[in-house]
Amino acid sequence: MIRTHDAGTLRAADAGTTVTLAGWVARRRDHGGVIFVDLRDASGIVQVVFRGAEAIEDQELSREEMAGMSEAHALRNEFCVLVTGEVQRRPAGNENPELPTGEIEVNAAELTILSEAAPLPLPVDDTVEASDDIRLKYRYLDLRRSGPARALRLRSKANQIARTVLHDRDFVEIETPTLTRSTPEGARDFLVPVRLQPGTWYALPQSPQLFKQLLMVGGMERYYQIARCYRDEDFRADRQPEFTQLDIEMSFVTQEDVIALGEAIVSALWRELAGHEISTPIPRITWHEAMDRYGSDKPDLRYGLELTELTDYLRGTEFRVFASAIDAGGYVGAVVMPGGASQTRKELDGWQDWAKARGARGLAYVVLDAETGEPRGPVAKNLSAEHLAGLAAAVQAKPGDAIFFAASGERREAQELLGAARQEIARRTGLIDEGAWAFCWVVDAPMFERADDGGWTAVHHPFTSPNAEWIDRFEEAPDRALAYAYDIVCNGNEIGGGSVRIHRADVQRRVFDLLGITPEEANEKFGFLLEAFKYGPPPHAGIAFGWDRVTMLLAGADSIREVIAFPKTRGGYDPLTGAPTPITSQQRAEAGVDAKPKTAAIPGTSGEAVPVEHSR
RNA sequence: GGUCCUGUGGAGCAGUUGGAGUGCUCGCCGCCCUGUCAAGGCGGAGGUCGCGGGUUCAAGUCCCGUCAGGACCGCCA
């Protein structure tokens, strides 16, 4: 080491010690005869004092040391320097209580400029928030700031905490291939041409799903991996195509065991990194209850504002929007905005635009007069006196509130609109406690949902087990069949999810049948897994945490880019490296991008489905 | 693919109903300064107002297109 101490660790007790520090010039305050330099390294900041020539003579410094002094005048922000000097208590009255090292300073005797810094394209300053593209282009400068640096260090700690929890329970960390074949997760694959087999392509894994199941067949019993996954879909604040999962699989366990392990992991993470004790067991809500009460399969439980179903209450209404939904066997429901009656007409119209932006036709509303509680608004004119009279009680609204309605022949569609409105109401009315942590498990997810072609598609993936109630009869009512599938949700973010897997060949065949996957297709697509399952596969189950989201929440960030060392922009562009780039014709030829495959491609397993008779 | 927001010296922002010379803070360069800590003082350099087209006597400002960044929908667990 070229230094003896870390700058941020020096305290009053170190006074009298001669130290050598290495780091960057965070700030320079040049008074002519005395220069203060804030020296920053990974541990923090300490003030270094360079004194004028007279003072140096008093200290009987050598000629080389004096030469070093004159260099201090030339220091600029972000120069990389080596400083030797004595730690001294600051003169009385000059302490800085804002700094951990504020009681002392380092009286410089020697200065070496390790490297100079050009004028900065981006200030290394915690108080200035630069735009995303400039931050990413100069990410190495961005990372010198305390916030971004802290985020990456927190992520590292999260990794360590998770590993500790898992190793304490005899889990084995195993790496799986990143050049592989398509996994059944339903997103677009990233494809890699294979020079050794022109015309053939690897897929980057959307998850290690199939490999971790094979590891269970292989008797590893307890596997985990902090795994890179790739899904070629559009970006969001909490999503990019290249992301990380804490991936876990266990043999001879039930859903309860996986949930208990998941709670142990999040409890340890939030205890150590957020100072928050999660009370366990974490509450559970079924998928259907989550949709009914919150209009979301990842409900934010930091606030109430539950939805009310009004399908039965409004049955017989002459208001066409509601009547047609009810007649179609659909759903009408409402969510209340406390105090919403005081909104201007313009604000209420704004909700229509808000709903249209989400693909809805609009958002019907009734406001209750703050004084009389009398229902008013365009929709109120269309409802019968009877329906209006009982409305406030039915949705538990008070005078001065606004009631928003959604109606659709598709229950889920209307519920999701109300769920989104619920979130928006909470935001606008300040109902969200930003300091709160609200966890829940969403359990009993449906096995299947309708595909566009009228068949069925797996909600999770085709290896998810029906629960005990449905395992022998899911064909009878695929729309109602439930899976042993569970998601863990924090403040409205899905931070993890998993399932019990099918390990019985007969059940797997029946699920494939329902999904319209022929034995031939199944064999082509994941015959290797089915083959493995011939040889005594253990019952197994697992979970995967969206690690970027987990660390984002722990870091208090609002985008996963903040907890990724080198993230990309929404266009998939990396402003730092300039990736992606075109390739040369030689690279193109060698990669075999245009080579014809020897055998035809097999279509995917998602979306292709055979219609099955509906249960209702 | 769609909706919305943003784009003004190196960075962060302001710029009114379209009206003379685009302003502020920080940074940068030079000088001064011995106790500052977002140091201070004096002086200076640095701008195709993202790009292209249009309306107008006149466009940073209005309109159309386009590019880039961001939020959301679609897509994606």
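Treat the numbers as computed from the prediction; the structure is a model and nothing was measured. Lettering of chains follows the sequences in order, A, B, ..., and the numbering in each one begins at 1.
- Figure legend. B:U3 is base-paired to B:A71; pairs are counted as Watson-Crick or G-U wobble with both atom distances under 3.5 Å.
- Applying the 3.5 Å distance criterion, the base of B:C37 shares no donor-acceptor pair with the side chain of A:R27.
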Pairs under 3.5 angstrom, nitrogen or oxygen only, protein versus nucleotides 1-10 of chain B, please.
residue, atom, partner, partner atom, Å
B:G10, O2', A:P121, O, 2.9

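- In this structure, the ring of A:F50 has its center no less than 6.0 angstrom from the ring center of A:H73.
- In this structure, the NE2 atom of A:H73 is 13 Å from the P atom of B:G30, given to the nearest Å.
- For B:C75, its base sits under 3.5 Å from the side chain of A:R239 at one donor and acceptor pair at least.
- Contact between the side-chain N/O atoms of A:S559 and the OP1/OP2 oxygens of B:G70 is not found at any separation under 4.0 Å.
- When each of A:R28, A:R29, A:R27 is tested with A:D38 by the rule salt bridge (charged side-chain N to carboxylate O under 4.0 Å, His left out), just one qualifies, namely A:R29.
- One cannot find a donor-acceptor pair under 3.5 Å joining the base of B:U34 and the side-chain atoms of A:R29.
- Counting heavy atoms from C-beta on, the side chains of A:Q47 and A:R90 come closer than 4.5 Å.
- Toward the 5' end of RNA chain B, the nearer of the two residues A:R76 and A:P91, judged by each one's closest nucleotide, is A:R76.
- The distance between atom CG of A:L75 and atom P of B:C37, rounded to the nearest whole Å, is 19 Å.
- Between B:U56 and B:G9, the two P atoms lie 30 Å apart (nearest whole Å).
- Taking A:H540 as the reference, A:F533 meet the ring pair (Phe, Tyr, Trp, His ring centres under 6.0 Å) condition, with sequence neighbours excluded.
- Of the P atoms belonging to B:C63 and B:G70, the separation is 25 Å, rounded to the nearest Å.
- The listed nucleotides are B:G12, B:C73, B:A71; the one nearest the side chain of A:A130 is B:G12.
- Of all nucleotides present, only B:U25 satisfies the Watson-Crick or G-U wobble test against B:A11, with each distance under 3.5 Å.
- Base pairing annotation: B:U66 forms a Watson-Crick or G-U wobble pair with B:G50, both donor-acceptor distances under 3.5 Å.
- Here the P atom of nucleotide B:C75 and the CG atom of A:D238 are 16 Å apart, to the nearest Å.
- B:U17 makes up no base pair with any nucleotide shown, lacking Watson-Crick or G-U wobble contacts both under 3.5 Å.
- Between A:F463 and A:F526, the ring centre distance stays below 6.0 Å.
- A ring-centre distance under 6.0 Å is found for A:F404 and A:W351.
- When side chains are defined from C-beta on, A:T457 does not count as touching A:F448, because their heavy atoms never get closer than 4.5 Å.
- Neither OP1 nor OP2 of B:A71 sits under 4.0 Å from any side-chain N or O of A:R236.
- Residue A:H31 and nucleotide B:G40 are not classified as a stacked aromatic pair, given the requirement of ring centres less than 5.5 Å apart at an interplanar angle below 30°.
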